[in-house]
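All of these numbers come straight from a predicted model, not from anything done at the bench. We're numbering straight along the sequence, starting at 1.
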Amino acid sequence: MIDINKIPSPCYVMEEKLLRNNLSLIKSVKERAGVNIILAFKAFALWKAFPIVREYIPFSTASSKFEAQLAFEEMGSPAHTYSPAYTEADFPLILRYSSHVTFNSLSQFHRFYPMVRADGNRVSCGLRINPEYSDVETDLYNPCAPGSRMGVTGDLLGDKLPEGIEGLHFHTLCESTSYDLERTLAEVERRFGRFLPHVKWLNMGGGHLMTRKGYDVEHLIALLKGFKERYPNLELIMEPGSAFAWQTGFLLTTVVDIVENHGIKTAIIDASFTCHMPDCLEMPYKPAIRFATDAVEGKPTYRIGGNSCLSGDYMGDWSFDKPLEIGDKLIFEDMIHYTIVKTNMFNGIPHPSLALWSKDDQLVMYRTFGYEDYKNRMD
């Protein structure tokens with residue numbers, strides 16, 4: 001049982017038992033469906049937990065030279081790398097740390113493929129395609145919105161891919177279901193099916209939230225098996241991020257003040273939505289707070305405010321069984337994926353510590369942050 005009194009505030013805490021539950025399910029899907037499932041760093045890059053991840057999944061995907069290097073050094077394997085645009089300065093490092101490189105456009109492929117050839121064609125090259133279909137409703141996260149810069153549409157390709165392209169890559173999902181993937185695959189086949197018998201691999205990107213309660217895992221496995229039967233030449237690759245860290249930990253915070261304005265009470269915490277929970281404001285979505293509910297008339301109700309000077313650094317409203325007091329702990333649930341990777345130090349706000357609550361019920365401190373971390377970012 002977790003003893004919150006042992007945890008410094010603020011602190012992100014990953015729960016090892018929950019992480020292992022997710023990893024076991026992902027590995028089971030990988031083995032039963034006969035596909036390759038790899039970890040997307042853009043959602044989860046807490047590398048001190050990678051020794052646990054590697055027990056189940058040995059490969060990862062990167063979106064930059066730093067992520068590719070992290071994959072090589074800390075996952076112990078070269079990355080499957082995709083970026084919307086590579087540069088001459090970065091591409092040599094991308095080559096060094098990658099096994100697969102996906103290009104976002106034909107112009108990028110033609111520009112950098114000579115460097116791949118000069119490297120001995122050691123890296124397998126792919127092209128990101130845009131099937132012009134996505135179930136994602138939030139435009140910020142929809143790579144298939146009209147005018148999207150992500151991927152090549154079918155009308156820009158002829159009947160044959162350029163020499164050197166060995167795989168295709170699409171990424172259209174976001175916390176989606178297997179039925180969303182099924183509809184997407186139908187569009188991929190309709191628009192790009194002429195290429196599928198002639199490439200070696202198909203990367204289905206991320207957004208496969210197979211660890212969410214209610215996800216139809218059996219349908220996913222059947223869907224993947226059926227697709228492989230139609231295209232036995234293909235290695236199928238999936239690169240979820242959120243699914244690895246979904247519901248595996250929390251952000252512990254402390255109430256440091258309570259203010260009131262025209263009947264609205266705001267509990268200010270020692271953390272920030274802007275700095276430490278940016279997806280809540282970007283998506284937007286209202287996170288769950290342990291032992292709190294949505295606003296209920298007649299119960300103590302509070303807006304929760306962050307400790308930055310941005311006026312919009314707040315969310316609300318939550319109700320509690322009893323009035324909040326300065327010093328009370330507030331636990332924000334499911335704060336491991338797409339949080340730590342997106343944090344910033346706006347205002348010089350101290351970054352929450354990083355910790356693991358081990359399967360043996362021990363607190364393992366991964367990292368604490370201080371003034372030098374803030375200062376050195378601008379050194």
Is it true that [Y] and [X] share a donor-acceptor pair across their side chains at a distance under 3.5 Å?
{"X": "Ser358", "Y": "Asp360", "answer": "no"}
{"X": "Ser24", "Y": "Asn21", "answer": "no"}
{"X": "Ser272", "Y": "Asp313", "answer": "yes"}
{"X": "Asp279", "Y": "Tyr141", "answer": "yes"}
{"X": "Asp180", "Y": "Tyr133", "answer": "no"}

* Does NZ or CZ of Lys286 come closer than 6.0 Å to the centre of the six-membered ring of Trp318, within 45° of the ring's axis? ->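 Yes.
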* To do: Taking the six-membered ring of Tyr374 (Phe, Tyr or Trp), confirm whether the NZ or CZ of Arg377 is under 6.0 Å from its centre and within 45° of its axis.
  => no
Does a sphere of radius 6.0 Å around [atom1] in [X] hold more than 12 heavy atoms from other residues, nucleotides or ligands, not counting ones at 6.0 Å or beyond?
{"X": "Met1", "atom1": "CE", "value": "no"}
{"X": "Lys200", "atom1": "NZ", "value": "no"}
{"X": "Arg230", "atom1": "CZ", "value": "yes"}
{"X": "Tyr285", "atom1": "OH", "value": "yes"}
{"X": "Asp321", "atom1": "CG", "value": "no"}
{"X": "Phe72", "atom1": "CZ", "value": "no"}
{"X": "Tyr338", "atom1": "OH", "value": "yes"}

Salt-bridge criterion met for [X] and [Y] (N-O under 4.0 Å):
{"X": "Glu74", "Y": "Arg54", "value": "no"}
{"X": "Lys375", "Y": "Glu372", "value": "no"}
{"X": "Lys322", "Y": "Asp328", "value": "no"}
{"X": "Glu55", "Y": "Lys27", "value": "no"}

Taking [X] for its side chain and [Y] for its backbone only, find out whether a donor-acceptor pair lies under 3.5 Å.
{"X": "Ser105", "Y": "Gln108", "value": "yes"}
{"X": "Asp270", "Y": "Thr254", "value": "yes"}
{"X": "Asn347", "Y": "Cys309", "value": "yes"}
{"X": "Thr61", "Y": "His80", "value": "yes"}
{"X": "Ser319", "Y": "Thr293", "value": "no"}
{"X": "Arg212", "Y": "Glu175", "value": "yes"}
{"X": "Arg32", "Y": "Glu218", "value": "no"}
{"X": "Tyr86", "Y": "Arg111", "value": "no"}
{"X": "Thr248", "Y": "Leu18", "value": "no"}
{"X": "Asn233", "Y": "Leu196", "value": "yes"}

* Side chains of Val341 and Phe44 in contact at under 4.5 Å (non-hydrogen atoms) ->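 No, every pair of side-chain atoms sits at 4.5 Å or beyond.
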Gap separating the [atom1] atom of [X] from the [atom2] atom of [Y], nearest 0.5 angstrom:
{"X": "Ile7", "Y": "Ile2", "atom1": "CD1", "atom2": "CD1", "answer": "6.0 Å"}
{"X": "Ser9", "Y": "Ile331", "atom1": "OG", "atom2": "CD1", "answer": "10.0 Å"}
{"X": "Leu363", "Y": "Ile4", "atom1": "CG", "atom2": "CD1", "answer": "12.5 Å"}
{"X": "Lys48", "Y": "Met365", "atom1": "NZ", "atom2": "CE", "answer": "9.5 Å"}
{"X": "Met210", "Y": "Ser28", "atom1": "CE", "atom2": "OG", "answer": "10.5 Å"}
{"X": "Arg191", "Y": "Leu157", "atom1": "CZ", "atom2": "CG", "answer": "12.0 Å"}

Would you call the rings of [X] and [Y] parallel, tilted or perpendicular, where under 30° means parallel and over 60° means perpendicular?
{"X": "His351", "Y": "Phe369", "result": "tilted"}
{"X": "Phe50", "Y": "Phe41", "result": "parallel"}
{"X": "His169", "Y": "Tyr82", "result": "perpendicular"}

Which atom names give the shortest non-hydrogen contact between [X] and [Y], and what distance separates them?
{"X": "Tyr215", "Y": "Ser176", "answer": "CE1-O, 3.3 Å"}
{"X": "Pro287", "Y": "Phe273", "answer": "CG-CE2, 4.4 Å"}
{"X": "Arg128", "Y": "His171", "answer": "NH2-O, 3.1 Å"}

* Could you point out which residue of Leu156, Thr102, Leu168, Asn203 forms a side chain to side chain contact (heavy atoms under 4.5 Å, CB included) with Ile129? => Leu168
* Please assess Phe244 against Tyr56 for the test ring pair (Phe, Tyr, Trp, His ring centres under 6.0 Å), listing each intermediate value before the final yes or no. => CA-CA 11 Å; Phe244 280 79; Tyr56 303 82; 9.7 Å; no
* Applying side chain to side chain contact (heavy atoms under 4.5 Å, CB included), run through Val116 and Phe91 and close with a yes or a no. => CA-CA 10 Å; Val116 176; Phe91 199 73; 4.0 Å; yes
